[in-house]
Enquirer: 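Structure in structure tokens, see below.
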Amino acid sequence: MVPMSDFIVLIWVGFIFFGTVFFSCNSVVQLFQNNRIKFDRGFFLSLSACLVALILCLSIWPPLHRVYDDEPAYVSQSYNILSLGKPSVTIKGSRLQPEIFDRWTSDPKLPGYAWLEAVVLFLTKDFEQSYFMLNIVLGVLSVALLYRIAWLWTASNAVAWWAAIFLACLPARVTYSMSAGSDIAGLFFFLLFLYFISEFRSLNDKSMLYAAIFGGLFSICVKPLYGIFVVFGLAGAMYIYQRNGLLDRKLRVQILMDTVCLSLPILISIPVFLIYELKHRLFAFSFISENLFTSIFYLFDYKQNTILTVLAAIVAAGWGVFYKKDNLVIALTGWFLTGFLMFSMFCAGGFSYPGQCYSDRYFLFFAFPFVLLAAKGMADTLTGGYPRLLGTLFFMVLVINAFFASNHLACEAKNDFYNKETLLLRKVFPFIPNDAYIIDKGAVLVTMISTKRSILTDLFVNGFHPKKVVFMKGIYDNFYDPYDAKNSVLIIRILDTTYHCKPLFTSLLKEADLSATPLLCERN
């Protein structure tokens with residue numbers, strides 16, 4: 001039976017998603033009708049930045065499988081929304097173990113991204129590649145949105161274009177555009193919130209505010225931490241617009257009441273979220289010095305292609321804070337530094353890649369102020385006698401460095417054991433019965449690349465024995481680890497005593513320097 005709380009959350013998030021789509025489409029049509037969006041020089045500049053973003057993603061195709069629990073969980077959740085119409089993930093009829101992701105409420109993640117993936121899966125019917133294509137498209141659209149926001153904030157095509165280019169070349173954007181994680185989707189909907197809240201200043205229509213509210217709420221449904229920026233951003237915008245006479249008292253009260261009502265499930269879940277996160281953040285705080293060092297090293301790591309952007313941002317901060325007293329630069333600098341220090345202190349390992357927790361994903365929360373600062377720095381720097389020549393040279397260095405950084409990430413992924421295991425498993429999947437569970441320590445990986453069932457090695461060793469299983473005998477001999485070796489011995493012992501096994505192939509299966517003997521076993 002589906003818990004009522006899960007059912008309510010699922011329906012509410014679906015309502016927010018379709019509200020975002022409706023108000024966003026309506027607002028974009030109004031912007032076209034009022035010539036706020038037109039095919040001018042700015043449009044083609046943003047298009048060029050989008051093209052750079054797309055080429056960088058395609059340069060590391062096929063997608064990077066970043067194996068962490070939430071990525072396959074989102075895939076499984078979206079599949080369940082379509083096939084079962086419920087959020088709960090159970091062993092029966094599911095491809096994901098409940099110990100990893102039992103309910104929406106087992107982990108502080110709302111099913112926003114699962115809804116988005118479910119719609120894409122419904123439209124494309126492509127289970128394997130549709131999630132990656134979705135993130136590529138959202139990553140490219142994020143570049144276009146950033147260009148428009150930067151132009152609205154600075155009235156400069158140069159600043160807007162450089163901001164879009166810096167985001168296109170940002171390693172975290174490229175990396176997570178090539179994954180099935182929710183990070184790029186969260187960034188996109190947050191930028192959508194910023195865009196419509198900024199357009200309200202020029203086109204005084206309340207549908208813009210509702211598009212911003214729904215977009216902001218859905219970014220929270222995708223990545224709850226965006227709630228901090230959405231709340232402060234909406235409050236600040238409402239205050240400024242009221243002070244400038246763009247927002248009367250009646251509309252302000254209406255917007256406030258509607259926002260509170262729409263946010264009730266989030267407001268109710270805040271205490272649960274804080275309690276869940278508190279113990280993890282306090283543990284990370286005990287390693288504050290190591291976290292800060294790792295984060296700073298990440299910024300200046302030439303392999304990650306952030307050093308050029310950091311230098312441009314430093315120029316902007318120094319020029320705008322200490323010399324020109326630019327309020328926008330001061331605000332962006334404060335925003336980025338506050339967030340950078342907070343996440344470095346309270347996130348285990350700081351900002352890092354590859355890292356065990358892949359915490360470079362959190363850098364996307366501060367991508368907007370970071371790249372806009374860098375763009376301001378470039379615009380201020382290229383004011384000498386040869387700005388076009390210097391700008392062209394810097395652009396070429398930035399893009400070439402981004403290309404090599406992306407390929408460096410791809411090489412790391414291709415040489416990873418899990419990537420090689422993926423190639424081996426793909427050869428076995430057509431011969432595995434649908435009712436058989438694949439025993440694998442990377443059960444989440446099996447979930448990511450197929451519709452087959454999977455079971456964690458620990459779960460099998462500790463007593464969960466399905467009627468029919470498949471075990472890749474000898475696969476962990478290619479990547480020796482004492483814990484895996486011990487589990488392999490225990491699994492073989494259980495299979496010998498409890499199951500009747502036969503090889504799926506007559507010879508040893510080999511692929512990408514790995515070898516294994518797939519065994520199909522049925523319980524006695």
Side-chain angles (χ1 to χ4, degrees), residues 46 49-50 52-53 56-57 135-136 138-151 153-154 159-179 181-195 198 215-216 219-220 222-223 225-230 232-233 295 298-299 301 304-314 316-317 328-329 331-344 347 350-353 358-378 398 402 405-406 409:
S46 66
C50 291
V52 171
L56 287 174
C57 287
N135 273 335
I136 291 174
L138 292 182
V140 171
L141 290 177
S142 296
V143 172
L145 277 175
L146 185 72
Y147 178 95
R148 184 63 183 173
I149 298 167
W151 186 85
W153 286 27
T154 64
V159 173
W161 186 77
W162 277 111
I165 289 296
F166 279 124
L167 180 62
C169 298
L170 195 68
R173 188 210 65 83
V174 178
T175 301
Y176 289 96
S177 290
M178 305 304 293
S179 78
S182 61
D183 306 276
I184 291 297
L187 174 65
F188 170 77
F189 285 102
F190 175 66
L191 291 176
L192 200 67
F193 160 76
L194 286 180
Y195 174 56
S198 302
S219 71
I220 299 172
V222 175
K223 301 292 287 185
L225 283 171
Y226 276 112
I228 301 171
F229 310 117
V230 171
F232 283 103
S295 299
Y298 172 82
L299 285 180
D301 183 4
Q304 303 306 319
N305 193 41
T306 50
I307 187 169
L308 295 175
T309 314
V310 169
L311 293 175
I314 290 173
L328 177 60
V329 171
L332 291 172
T333 303
W335 179 356
F336 176 73
L337 288 180
T338 301
F340 182 80
L341 291 174
M342 291 295 291
F343 270 81
S344 298
C347 177
F351 292 103
S352 63
Y353 178 86
Y358 299 103
S359 54
D360 57 327
R361 63 168 73 179
Y362 294 122
F363 201 77
L364 291 172
F365 285 106
F366 310 101
F368 176 74
F370 180 57
V371 298
L372 191 50
L373 265 179
K376 289 283 290 182
M378 285 302 300
L398 184 68
S406 300
L409 295 174

Enquirer: Indicate the atoms forming the closest heavy-atom contact of A317 with T333, along with that distance.
Expert: CB-OG1, 3.8 Å

Enquirer: Report the C-alpha separation of F166 and L372 in whole Å, then their side-chain angles, then the decisive distance to 0.1 Å, and conclude whether the side-chain contact (heavy atoms from CB on, under 4.5 Å) test is met.
Expert: CA-CA 8 Å; F166 279 124; L372 191 50; over 6 Å; no

Enquirer: Any heavy-atom pair between the side chains of I165 and M378 that's under 4.5 Å?
Expert: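 Counting from C-beta outward, M378 and I165 never come under 4.5 Å.
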
Enquirer: Work out which heavy atom in A49 is nearest to a heavy atom in A168; give both atom names and the distance.
Expert: O-CB, 3.9 Å

Enquirer: Write down the atom of R173, the atom of V140, and the distance for their closest heavy-atom approach.
Expert: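 Taking R173 first and V140 second, the nearest heavy atoms are NH1-N, 4.4 Å.
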
Enquirer: For the CZ atom of F368 and the CG atom of L187, what is their distance to the nearest 0.5 Å?
Expert: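 One gets 10.5 Å once the value is rounded to the nearest 0.5 Å.
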
Enquirer: Using side-chain hydrogen bond (donor to acceptor under 3.5 Å, both in side chains) as the criterion, list what pairs up with S198, not counting sequence neighbours.
Expert: W153

Enquirer: Which of these, D183, I184, L56, L138, sits in a side chain to side chain contact (heavy atoms under 4.5 Å, CB included) with S177?
Expert: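 In the set D183, I184, L56, L138, the residue that makes a side chain to side chain contact (heavy atoms under 4.5 Å, CB included) with S177 is I184.
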
Enquirer: Tell me if the centroids of the rings in F370 and F363 come within less than 6.0 Å of each other.
Expert: yes

Enquirer: Would you call the rings of F365 and Y362 parallel, tilted or perpendicular if under 30° counts as parallel and over 60° as perpendicular?
Expert: parallel

Enquirer: Give me the atom names and distance for the closest heavy-atom approach of L191 to S142.
Expert: CD1-O, 3.5 Å

Enquirer: Between Y176 and N135, does a side-chain contact (heavy atoms from CB on, under 4.5 Å) hold up when you go through it step by step?
Expert: CA-CA 8 Å; Y176 289 96; N135 273 335; over 6 Å; no

Enquirer: To the closest 0.5 Å, what do you measure between CH2 (W335) and CG (L332)?
Expert: 7.5 Å

Enquirer: Walk me through it: do F366 and F229 pass the test ring-ring contact (aromatic ring centres under 6.0 Å, His included)?
Expert: CA-CA 10 Å; F366 310 101; F229 310 117; 5.7 Å; yes

Enquirer: Quick one: does any side-chain atom of S219 pair with a main-chain N or O of G216 as donor and acceptor, under 3.5 Å?
Expert: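 Between the backbone of G216 and the side chain of S219 there is a qualifying donor-acceptor contact (under 3.5 Å).
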
Enquirer: Please report the closest heavy-atom contact between V222 and S182, naming both atoms and the distance.
Expert: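 Taking V222 first and S182 second, the nearest heavy atoms are CG1-O, 3.4 Å.
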
Enquirer: Looking at every non-hydrogen atom in both residues, tell me the closest pair between V329 and A316 and how far apart they are.
Expert: CG1-O, 3.3 Å

Enquirer: What I'd like to find out is whether the side chain of M178 reaches to under 4.5 Å of the side chain of I136, using heavy atoms alone.
Expert: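 Heavy-atom side-chain distance check passes, below 4.5 Å.
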
Enquirer: To the nearest 0.5 Å, tell me how far L364 CG sits from F188 CZ.
Expert: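 Going from the CG atom of L364 to the CZ atom of F188 covers 14.5 Å.
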
Enquirer: Which distance, rounded to the nearest 0.5 Å, do you find between the OG1 of T309 and the CD1 of I314?
Expert: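 Rounded to the nearest 0.5 Å, the OG1-CD1 separation comes to 11.0 Å.
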
Enquirer: How long is the gap from CD1 on I220 to CZ on F193, to the nearest 0.5 Å?
Expert: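 Between I220 CD1 and F193 CZ, I get 8.5 Å after rounding to 0.5 Å.
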
